[in-house]
Amino acid sequence: MSTPSRPVTAPHVDVERVLYSAEEIRTGIERVAREITLAFEGHELTVVGVLKGSCVFVADLIRLLPLSIRLAFVWAESYREGTTPGELELLGVPPESEIRQQHVLLVDDILDSGRTLAAVREVLERRGAGVVRTCVFLDKPVRRTAALEADFRCFEVGDEFVVGYGLDFAGRYRNLPYVGSLRPAVLRAAGVEAPA
Ligand code: IMP
Ligand code: MG
């Protein structure tokens, strides 16, 4: 007799709890896509995704927007130690010729301290963007230090480190189709304190 295999729908062994299933994510994105469509109707939209975390969200979101869209990405490297953010570097910011007077939708996986989106928005505004609106898949408001709130967001999360649907821990788990919290033992094994 063959050994029973894990069902493909079972969460990853490192995941303690699934916060948002693939179905719930789909419903959340559809709602936000309707809000964005209403807000930008009649305008061409330049979507600027923040890599790497936003790649999954951006790919799903733009296919639900019946607007004229141009797509760009910014590379934000945060030299983080475990779950704590460090120095921030922005690479590949689109040139002024792509941004000047455009309606821009800046998209990230998660709004945590707000440092990343505040920094990218400032650069886009300096390059002459007409309107910059922000859209995040997840919002973690308890951790905010920058004066920035997202114009569009799918879900709110508490002060816990989450992975999946583009979000990583030490470069892994981005491909999980759901959002989950990691087992504290996984964080500890990497020498990281789990957020209280
Ligand atoms: P902020 O600049 O502090 O808002 O951080 C934003 C970036 O930190 C996000 O784009 C993520 O890459 C990362 N980040 C913040 N919280 C989490 C989390 O819970 N899981 C995975 N990445 C996170
Ligand atoms: Mg990121």
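Atoms within a ligand are numbered from 1 in the order they appear, just like the ligands themselves. Nothing here was measured: the structure is a model prediction, and the numbers come from that model.
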Decide whether an N or O pair under 3.5 Å exists between Gly114 and ligand 1.
-> yes

Purely on distance, is any nitrogen or oxygen of Leu111 under 3.5 Å from one on ligand 1?
-> no

Have a look at ligand 1 and work out which part of [X], if any, has a heavy atom under 4.0 Å from it: side chain, backbone, both or neither.
| X | result |
| --- | --- |
| Val163 | neither |
| Arg143 | neither |
| Thr116 | both |
| Leu167 | side chain |

Test item, Val50 contacting ligand 1 (heavy atom, 4.0 angstrom) | no

Contact check, Lys52 vs ligand 1, heavy-atom distance below 4.0 Å | no

For ligand 1, which atoms, with element, lie under 4.0 Å from some heavy atom of [X]?
| X | answer |
| --- | --- |
| Glu160 | 19 (O) |
| Lys140 | 16 (N), 17 (C), 18 (C), 19 (O) |
| Asp108 | 10 (O) |

Can you find a pair of side-chain heavy atoms, one from Leu45 and one from His43, that are under 4.5 Å apart?
-> no

Just wondering, do Asp108 and Val120 contact through their side chains at under 4.5 Å, heavy atoms?
-> no

With the threshold set at 4.0 Å, does a side-chain nitrogen-carboxylate oxygen contact exist between Glu149 and Arg144?
-> yes

For the pair Ser21 (side chain) and Glu24 (backbone), establish whether a donor and an acceptor sit closer than 3.5 Å, ignoring hydrogens and angles.
-> yes

Look at atom 14 (N) of ligand 1 and find which of Asp112, Ile110, Val136 reaches it with the closest heavy atom.
-> Ile110

Would a hydrophobic clustering, with Ile, Leu, Val, Met, Phe, Trp and Tyr connected at side-chain separations under 4.5 Å, put Val142 with Leu117?
-> no

Mind telling me whether Phe137 and Tyr165 have parallel, tilted or perpendicular rings, with 30° and 60° as the class edges?
-> tilted

Minimal heavy-atom distance between Asp109 and Gly53, with the atoms involved, is OD2-CA, 3.2 Å

ring-ring contact (aromatic ring centres under 6.0 Å, His included) with Tyr20: which residues, sequence neighbours excluded?
-> Phe155

